[in-house]
Amino acid sequence: MTAASDSVKPKTSPKAIKFLFGGLAGMGATVFVQPLDLVKNRMQLSGQGSKAREYRTSLHAVASILRNEGIGGIYTGLSAGLLRQATYTTTRLGIYTILFERMTKADGTPPNFFMKALIGMTAGATGAFVGTPAEVSLIRMTADGRLPPDQRRGYSNVFNALIRITREEGLTTLWRGCIPTMARAVVVNAAQLASYSQSKQALLDTGHFHDDILCHFCASMISGLVTTAASMPVDIVKTRIQNMRMIDGKPEYKNGLEVLLKVVRNEGFFSLWKGFTPYYARLGPHTVLTFIFLEQMNKFYKAYFLDS
C-alpha cells in the first residue's frame, strides 16, 4: 500500500522535447545576434597576411557592410547560423543531459563541479564536431561580401553551400577545421562553467542582486569577457582554416599552429583577438536569450500539454 505522504513525481517533458526546445532556443537567439557573428568573422579575416586592417573598429565594419551590401547584408549567412544551432546546440544539450543523468547518483546527488565541467567539455566537443559543416558554411558565407565579385563563392543558402562544397571540394572539406572548432568548444564550455558560477555567486554575495534575469544577464556578461579572452585565439585559427582556399593544389595553411604563427608574425600578437568586441557582445546576450526562449517554451509546453 502506498503511503499517503508519498510525493507524486512531477510530470516533465520527454527528452526529445527538451532537445528540440534547446535547439529552437539557440536558433531564436541567433536571429538577434547573427549580425555580430558576421562582423566578428569579417574582422578576423581582415588584414590577412599583413598588418593593414580592412576594418578599424566594429562600428566601421558595420558601416562598411551596410554601405556596400545593404541592410540585408548584415544577415548574410543566417541560414548557416540557424543550422549550426540546430545541430550544435541540440547535440550538445542532448549529450550533456544524458551524461549528467548517468553521472547522477542513485540518491539524486548530482555530479561534482569537476565532473560537470568534464561533461560540459565532452558535450561541447561532440556538438562542435556535428556542427562543423554548418560552421564551415557560415564562415564562407559571411566572408563572401569582402571579396572581389569574381572571387566570391556565391552560396545562395546553407544547403546550397553544403552541396557545392561536397561536389567541388569533397565531403571531408565539410569537416575542415573541426579540431580547432572542437578545441574552441572545450575552452568555451570550461571557461563559461567556471566563470559563470563564480560571477553569479559573487554578484549574489554583494546583496544587491537576486537570483533573477538581471543577475543572470550580468553574470553572463562577466563570464563572456573571460570566455572571449580565453577562446578567441582558437576561434581565429578555426575561422582562417575554414575559409582558406587551395593555392596551386595546396592548402593555404597546413595546420592550426601555422595559422597562429603567421598571424603573430605578419599581423601582430594582439591580432589573435581581432573581432573581440562583436564576439564578446554576441556571447553574453546569446546565452541569456537562449535561456529566455527555453524557459518560455518549457512554460508553454507545461501549460498546454502537461497540466491540461
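As a basis for the values below, the full set of heavy atoms in this structure was taken, side chains included, without hydrogen atoms, waters or symmetry mates. Keep in mind it's a predicted model, so treat the numbers as computed, not measured. For the single chain, residues carry numbers from 1 onward in sequence order.
- To the nearest 0.5 Å, atoms CZ (Arg146) and CG (Asn68) are separated by 12.5 Å.
- Leu214 and Met221 sit in two unconnected hydrophobic clusters of ILVMFWY residues. Membership requires side-chain heavy atoms under 4.5 Å apart, directly or through other members.
- Atom CD1 of Ile165 is separated from atom CH2 of Trp175 by 11.0 Å, given to the nearest 0.5 angstrom.
- The side-chain heavy atoms of Leu36 and Leu283, taken from C-beta on, include no pair separated by under 4.5 Å.
- Residues forming a side chain to side chain contact (heavy atoms under 4.5 Å, CB included) with Ser156 (at least two apart in sequence, or on another chain): Asn160.
- Side-chain heavy atoms closer than 4.5 Å link hydrophobic residues (I, L, V, M, F, W, Y) into clusters, and following such links, even through other members, never connects Tyr96 to Ile17.
- Grouping the Ile, Leu, Val, Met, Phe, Trp and Tyr side chains by contacts below 4.5 angstrom, directly or via other members, places Leu171 apart from Ile163.
- Contact annotation: the side chain of Val130 never approaches that of Tyr88 to less than 4.5 Å [non-hydrogen atoms, C-beta and beyond].
- The environment of CZ in Arg152 is crowded: more than 12 heavy-atom neighbours from other residues, nucleotides or ligands sit within 6.0 Å.
- Inter-residue side-chain proximity for Thr90 and Leu20 is flagged as unmet; no heavy-atom pair is nearer than 4.5 Å.
- One N or O on the side chain of Arg164 and one on the backbone of Arg153 form a donor-acceptor pair closer than 3.5 Å.
- At least one donor-acceptor pair under 3.5 Å links the side chain of Trp273 to the backbone N or O of Ala229.
- Side-chain N/O atoms of Thr181 and Glu135 include no donor and acceptor closer than 3.5 Å.
- No side-chain heavy atom of Glu252 sits less than 4.5 Å from a side-chain heavy atom of Arg240.
- Proximity of Leu83 to Ser137: side-chain heavy atoms (C-beta onward) are nowhere separated by under 4.5 Å.
- Atoms CD1 and CZ, on Ile139 and Arg42 in that order, are 11.5 Å from each other to the nearest 0.5 Å.
- Between Met141 and Ser79 the shortest side-chain heavy-atom distance falls below 4.5 Å.
- Salt bridge present: Asp37 and Arg84 bring a charged side-chain N and a carboxylate O closer than 4.0 Å.
- Tracing side-chain contacts under 4.5 Å through hydrophobic residues (I, L, V, M, F, W, Y), one reaches Met232 starting from Val264; they form part of the same cluster.
- Going from atom OG1 of Thr132 over to atom NZ of Lys238 covers 8.5 Å, rounded to the nearest 0.5 Å.
- Ring-plane geometry between His60 and Tyr55 is classed as perpendicular, the angle between the planes exceeding 60 degrees on a 0 to 90 degree scale with a lower cut at 30.
- Counting heavy-atom neighbours within 6.0 Å of Arg102 CZ, excluding the residue itself, gives a total of 12 or less.
- Counting only distance, with no hydrogens or angles, the side chain of Thr109 and the backbone of Lys105 share no donor-acceptor pair below 3.5 Å.
- Thr206 places a side-chain N or O within donor-acceptor distance of the main-chain N or O of Leu203, the cut-off being under 3.5 Å.
- One distance of note links OG of Ser223 with OH of Tyr196; it measures 8.5 Å at 0.5 Å rounding.
- The two residues Gly73 and Leu38 have their closest heavy-atom pair at O-CD2, 3.1 Å.
- Salt-bridge formation is detected for the pair Lys274/Glu267: a Lys NZ or Arg NE/NH1/NH2 atom is positioned less than 4.0 Å from an Asp or Glu carboxylate oxygen.
- Side-chain polar atoms of Tyr279 and Ser231 form a donor-acceptor pair below 3.5 angstrom.
- The minimum heavy-atom distance linking Ala29 with Phe293 is given by the pair N-CE1, 3.5 Å.
- Across Ala61 and Met43, no two heavy atoms sit closer than the pair CB-CG, 4.3 Å.
- The two residues Leu66 and Ile74 have their closest heavy-atom pair at CD2-CG2, 3.7 Å.
- Contact record, Ala125 with Ala185: N-CB, 4.1 Å, taken as the closest heavy-atom pair.
- Here the OH-CE distance, from Tyr253 to Met244, works out to 9.0 Å after rounding to the nearest 0.5 Å.
- Judged by distance alone, with hydrogens and angles left aside, the side-chain atoms of Asn41 form no donor-acceptor pair with the main-chain N or O of Gln44 at under 3.5 Å.
- In this model, no donor atom of one side chain and acceptor atom of the other lie less than 3.5 Å apart for Gln34 and Thr30.
- Residue Ile241 is grouped with residue Val188 when hydrophobic side chains (ILVMFWY) are merged at heavy-atom distances under 4.5 angstrom, including chains of intermediate members.
- You'll find the side chain of Arg92 reaches within 4.5 Å of the side chain of Asn189, heavy atoms only.
- Taking both residues in full, the closest heavy atoms of Leu289 and Phe32 are given as CD1-CB, 3.9 Å, listed atom of the first, atom of the second, then distance.
- Contact of the Arg140 side chain with the Val136 side chain is registered, since non-hydrogen atoms from C-beta on lie closer than 4.5 Å.
- Taking the charged nitrogens against the carboxylate oxygens, Glu258 and Lys254 have no contact shorter than 4.0 Å, which rules out a salt bridge.
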